[in-house]
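Okay, structure first, notes after.
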Amino acid sequence: MAKSVSVGLIFVTTLVGAVLGLHEDQAGVNDWYKQHTGVPDIVAFSNDHAYMLSSETQALSAVDTESGEVKWRRFIGSSIPNSSFSKVNFQSVQVLGKGRSNSLTKAIASVAVVYTQEISAGAEVQTVAAWDGDDGTPVWETDVELKGTFQQSLFFSIPGGSKTKSKANRAVALLNQDSLSIFSATTGKSFWSWEPKKTDNMQEVVWSNMWLSYKDSETLLNVIGKDTNNVFVAKVSVSKAKVESVLRIESVGKPESNLLHVAPTESGHFVGFLNSENGFVLYNVDTTEVFTLNLPNDVLSWVKKSSEFEVKSSDELGGPFVLFDFTGAKSCKEKKCPAFALRVDMKLQQLVVISDNFELAASPSRTLANAKSNKKSTVARLVGVTSSGVLENDLGKKFGVSDAAARGSLSGLFIMKSKAEECALLTFRDGSLMFASLDSKQGQARIKWIREEALSDVAGNPVAVQMPRLNTNDTSASELLDLFNKGNSISLFVARLRSQVATVTASVSGLIGNVANLIKLVIDTNGEWLVKAYNGELGGTGYSDFDKSNFGFTNVVVLVTRRGKVFGMESESGNILWSIFEPEYANAKVKLFLTRKRTSGVLPPEVAIVTENGGCAFHNALTGEIILKEKLDEGQKIKETFTVSFDSDGDEKTVILALTSGLEVQIFPRSSKSAFLSATVNDEALTEQIRVFSVEKEKGSIFGFAISEESNSILKARKVWSMTIPTKYKIEAVGTHPNDEMSSPARKIGGGAMMMK
């Protein structure tokens with residue numbers, strides 16, 4: 001007997017204001033809850049926390065470095081995440097210890113963030129904000145008139161500051177290319193600012209870097225900048241809130257690169273840059289000595305033949321390492337280009353090549369808190385990532401990273417140095433975060449924790465399939481599924497009891513629970529369920545979700561993320577059962593479809609993922625394994641995709657209908673096309689009863705199509721209706737009326753979290 005196919009009504013979701021799909025009775029109720037930070041763009045470390053800024057979630061998050069647990073998370077900017085007019089551009093995050101505070105209740109600023117946000121078309125506002133690092137309590141927020149491009153910020157203490165003109169013991173300095181502002185870390189108010197005036201000797205100077213130093217009882221900021229021909233160093237007394245001096249460095253050649261703060265161990269603080277004669281100039285800001293170091297031959301060769309390279313430091317607070325990166329050159333798209341890491345050795349007055357293969361490099365994140373810390377010397381270390389994905393430090397020690405290959409290439413590297421160990425926070429292309437201790441003796445990166453932050457950006461709606469809940473002593477999955485599909489409920493009940501008896505720790509509670517549930521089921525159905533079970537009249541569809549859960553079945557929620565990672569999650573706990581990374585899904589418009597909800601014979605539950613460029617992959621929903629991959633013919637693109645289920649020789653089949661840019665309708669999998677073409681509903685051809693649609697969101701238009709079969713079994717779409725939404729509305733989503741109980745197992749809510757029903 002043929003099953004009826006419900007095409008359903010088309011519904012349109014429009015957006016006038018911010019709307020979250022949450023029913024009143026669901027507020028505050030959840031089976032489980034997981035916070036996601038998003039993949040961080042910028043990270044700062046304290047002794048036990050990593051403070052992460054992520055543009056994916058527009059949030060500042062505090063993560064425990066020992067456990068990987070999110071301690072707190074605060075959304076920054078507009079309350080409407082991912083809306084184009086509220087996009088936040090994060091610029092820096094800085095951490096400063098609280099020091100000796102007598103307050104047990106008052107929030108103290110210990111994390112400072114600088115960001116910009118577009119407030120209207122072409123207009124931005126820059127904001128400096130601070131939080132208490134312990135619990136995320138907001139302390140203050142100050143908007144700043146944006147003057148030039150952001151360069152750097154520093155969060156620091158001012159010894160005896162309350163007795164100085166600044167009246168502040170702690171401060172945040174904000175350097176834009178045209179201005180310097182200093183804010184009290186207690187109130188957030190600016191107590192001093194500087195906008196250098198143009199003079200005959202100082203035209204169009206871009207101020208780009210700064211660092212702290214302490215002299216006697218004074219707190220000083222050293223600020224460096226350049227114009228076309230000259231380099232300048234300004235000394236600013238924070239304690240006196242004034243500019244002490246502005247010097248032009250003479251006879252050093254025209255600056256051809258970024259200006260760097262270079263701080264070789266125990267050798268003072270230098271301004272470093274490449275001059276027009278291809279010499280690397282180091283100017284000691286304390287002694288005014290000038291050193292010009294020759295570039296190593298390999299580096300010099302690349303500098304001469306390529307003008308597209310970047311000179312940068314591995315540490316914004318200064319260090320002995322300089323990076324010459326040629327990988328961004330246009331010519332490097334076709335061939336491999338080097339990224340040189342150099343150490344500045346002032347004893348030998350040489351630049352020593354550490355590596356020519358560091359695609360990423362970082363030094364330990366450091367905080368300059370007070371005068372004492374300024375006087376201590378630490379052995380600086382550089383850690384890099386080679387093109388093959390291997391971690392290596394400046395001493396040539398390599399650190400193996402397990403499971404890295406399956407996560408795609410490394411995309412970010414942040415180093416934390418504590419008294420006990422050196423650790424690396426690694427971000428991967430698949431959206432995962434890995435925090436590992438670098439063991440130099442064993443040559444291993446010992447993993448402390450992993451976070452799957454691809455889950456902060458889920459594409460579309462998840463789907464759910466059924467699977468047996470098994471432990472090591474349970475009856476085999478195939479036996480349970482066989483009994484389940486045959487409707488042999490008594491045998492299924494006995495099999496489940498037998499498996500639970502085998503598990504001693506769960507036997508008593510399991511036996512009592514199953515018997516209680518069976519008795520309740522019989523009572524609720526007035527004995528009807530028991531009669532049907534005895535007669536074998538219950539098929540796989542004869543059980544409610546409640547019944548199946550009691551017999552050892554659970555739902556697996558399958559979802560795909562915009563980073564191209566696909567997850568299978570246990571619905572009752574949120575535990576990740578499996579995950580796979582498919583780069584072709586990343587940054588592409590993908591749709592996820594449920595094509596088989598439960599095991600049918602030897603066929604496992606199945607989902608299909610369709611990409612905008614015409615790819616379709618069918619996955620085993622219990623393992624993530626790809627069963628079949630197909631693709632549209634060359635030159636075709638997908639406009640819309642749909643699923644259709646129909647009866648084929650007593651079995652239910654589900655196929656994907658893809659409406660192409662050429663208004664053809666393609667069937668996935670192709671092997672089911674003949675069955676689809678011959679399918680009937682109520683003695684009429686299925687193809688004649690189906691309507692598909694396409695959407696043009698920008699124009700606010702929706703078009704409906706009928707399907708007709710042409711020669712050579714080619715399916716064409718014929719427009720039969722259209723509608724246009726009034727211009728005051730914006731189309732957000734279009735779909736068929738959800739008439740399946742599992743069509744919407746989850747809702748995506750603000751901040752990238754998922755609410756499971």
Has the side chain of [X] got a donor or acceptor atom that lies under 3.5 Å from a matching backbone atom of [Y]?
{"X": "Tyr51", "Y": "Val43", "result": "no"}
{"X": "Asn275", "Y": "Val252", "result": "yes"}
{"X": "Glu453", "Y": "Leu433", "result": "no"}
{"X": "Thr219", "Y": "Tyr214", "result": "no"}
{"X": "Ser437", "Y": "Arg446", "result": "no"}
{"X": "Asp439", "Y": "Gly443", "result": "no"}
{"X": "Ser314", "Y": "Ala362", "result": "no"}
{"X": "Gln152", "Y": "Asn209", "result": "no"}
{"X": "Ser363", "Y": "Arg381", "result": "yes"}
{"X": "Asn393", "Y": "Lys397", "result": "yes"}

Disulfide (SG to SG under 2.5 Å) contacts touching residues 335-364 (sequence neighbours left out)
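For residues 335-364, and leaving out neighbouring residues, the disulfide (SG to SG under 2.5 Å) pairs sorted by first residue read Cys332-Cys337.
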What is the minimum heavy-atom distance between [X] and [Y], and which atoms define it?
{"X": "Leu180", "Y": "Met210", "value": "CD1-SD, 3.9 Å"}
{"X": "Phe399", "Y": "Val390", "value": "O-CG1, 4.4 Å"}
{"X": "Gly160", "Y": "Asn169", "value": "C-OD1, 4.1 Å"}
{"X": "Ser456", "Y": "Thr57", "value": "CB-CG2, 3.8 Å"}
{"X": "Val172", "Y": "Ala112", "value": "CG2-CB, 4.0 Å"}

For residues [X] and [Y], determine if any side-chain heavy atom of one lies less than 4.5 Å from a side-chain heavy atom of the other.
{"X": "Val281", "Y": "Val290", "answer": "yes"}
{"X": "Lys448", "Y": "Phe435", "answer": "yes"}
{"X": "Gln91", "Y": "Thr116", "answer": "yes"}
{"X": "Phe45", "Y": "Leu425", "answer": "yes"}
{"X": "Val262", "Y": "Val271", "answer": "no"}
{"X": "Val88", "Y": "Ser55", "answer": "no"}
{"X": "Leu293", "Y": "Leu282", "answer": "yes"}
{"X": "Val311", "Y": "Leu260", "answer": "yes"}

State whether Trp302 and Lys305 meet the cation-pi test: NZ (Lys) or CZ (Arg) under 6.0 Å from the six-membered ring centroid, and within 45° of the perpendicular axis.
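Pair Lys305/Trp302 counts as cation-pi.
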Sequence neighbours excluded - salt bridge (Lys or Arg N to Asp or Glu O under 4.0 Å) pairs with any residue from residues 225-236:
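Output for this query is empty, none listed.
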Just by distance, with hydrogens left out, do [X] and [Y] show a side-chain donor and acceptor under 3.5 Å apart?
{"X": "Gln126", "Y": "Glu145", "value": "no"}
{"X": "Ser181", "Y": "Ser190", "value": "no"}
{"X": "Arg407", "Y": "Ser432", "value": "yes"}
{"X": "Thr149", "Y": "Gln177", "value": "yes"}
{"X": "Asp41", "Y": "Ser54", "value": "no"}

For the pair [X] and [Y], find out whether any cationic side-chain nitrogen is under 4.0 Å from an anionic carboxylate oxygen.
{"X": "Asp430", "Y": "Arg563", "answer": "no"}
{"X": "Lys417", "Y": "Glu421", "answer": "no"}
{"X": "Lys312", "Y": "Asp325", "answer": "yes"}

Is there a side chain to side chain contact (heavy atoms under 4.5 Å, CB included) between Ile224 and Val231 once you walk through the steps?
CA-CA 7 Å; Ile224 57 178; Val231 175; 5.6 Å; no
Would you check, one step at a time, whether the test side chain to side chain donor-acceptor pair (under 3.5 Å) holds for Asp143 with Thr127?
CA-CA 4 Å; Asp143 291 340; Thr127 302; 2.8 Å; yes
Applying ring pair (Phe, Tyr, Trp, His ring centres under 6.0 Å), can you list everything that pairs with [X], at least two apart in sequence or on another chain?
{"X": "His261", "value": "Trp211, His269"}
{"X": "Phe270", "value": "none"}
{"X": "Phe581", "value": "none"}

Residues forming a side chain to side chain donor-acceptor pair (under 3.5 Å) with [X], sequence neighbours excluded:
{"X": "Glu392", "result": "none"}
{"X": "Lys147", "result": "Glu195"}
{"X": "Glu218", "result": "Ser237"}
{"X": "Thr386", "result": "Ser388"}

ring-ring contact (aromatic ring centres under 6.0 Å, His included) contacts touching residues 411-434 (sequence neighbours left out)
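Qualifying pairs: none.
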Is it the case that the ring center of Trp194 lies less than 6.0 angstrom away from the ring center of Trp207?
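Between Trp207 and Trp194, the centre distance is under 6.0 Å.
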State the [atom1]-[atom2] distance between [X] and [Y], to the nearest 0.5 angstrom.
{"X": "Ser61", "Y": "Leu53", "atom1": "OG", "atom2": "CG", "answer": "8.5 Å"}
{"X": "Phe232", "Y": "Ile249", "atom1": "CZ", "atom2": "CD1", "answer": "9.5 Å"}
{"X": "Trp192", "Y": "Phe183", "atom1": "CH2", "atom2": "CZ", "answer": "12.0 Å"}
{"X": "Asn222", "Y": "Glu244", "atom1": "CG", "atom2": "CD", "answer": "11.0 Å"}
{"X": "Asp286", "Y": "Ser213", "atom1": "CG", "atom2": "OG", "answer": "6.5 Å"}
{"X": "Ser92", "Y": "Phe155", "atom1": "OG", "atom2": "CZ", "answer": "11.0 Å"}

Glu308: which residues meet the side chain to side chain contact (heavy atoms under 4.5 Å, CB included) condition with it, sequence neighbours left out?
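Scan of Glu308 (side chain to side chain contact (heavy atoms under 4.5 Å, CB included), adjacent residues dropped) gives Ser306, Ala329, Lys330.
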If you draw a 6.0 Å radius around CG in Asp48, do more than 12 non-hydrogen atoms from other residues or ligands fall strictly inside?
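Check passes, neighbour count above 12.
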Suppose the criterion is side chain to side chain donor-acceptor pair (under 3.5 Å): which pairs have a residue in residues 339-358, not counting sequence neighbours?
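Listed by first then second residue: Lys336-Asn357, Arg343-Asp394, Asn357-Ser387.
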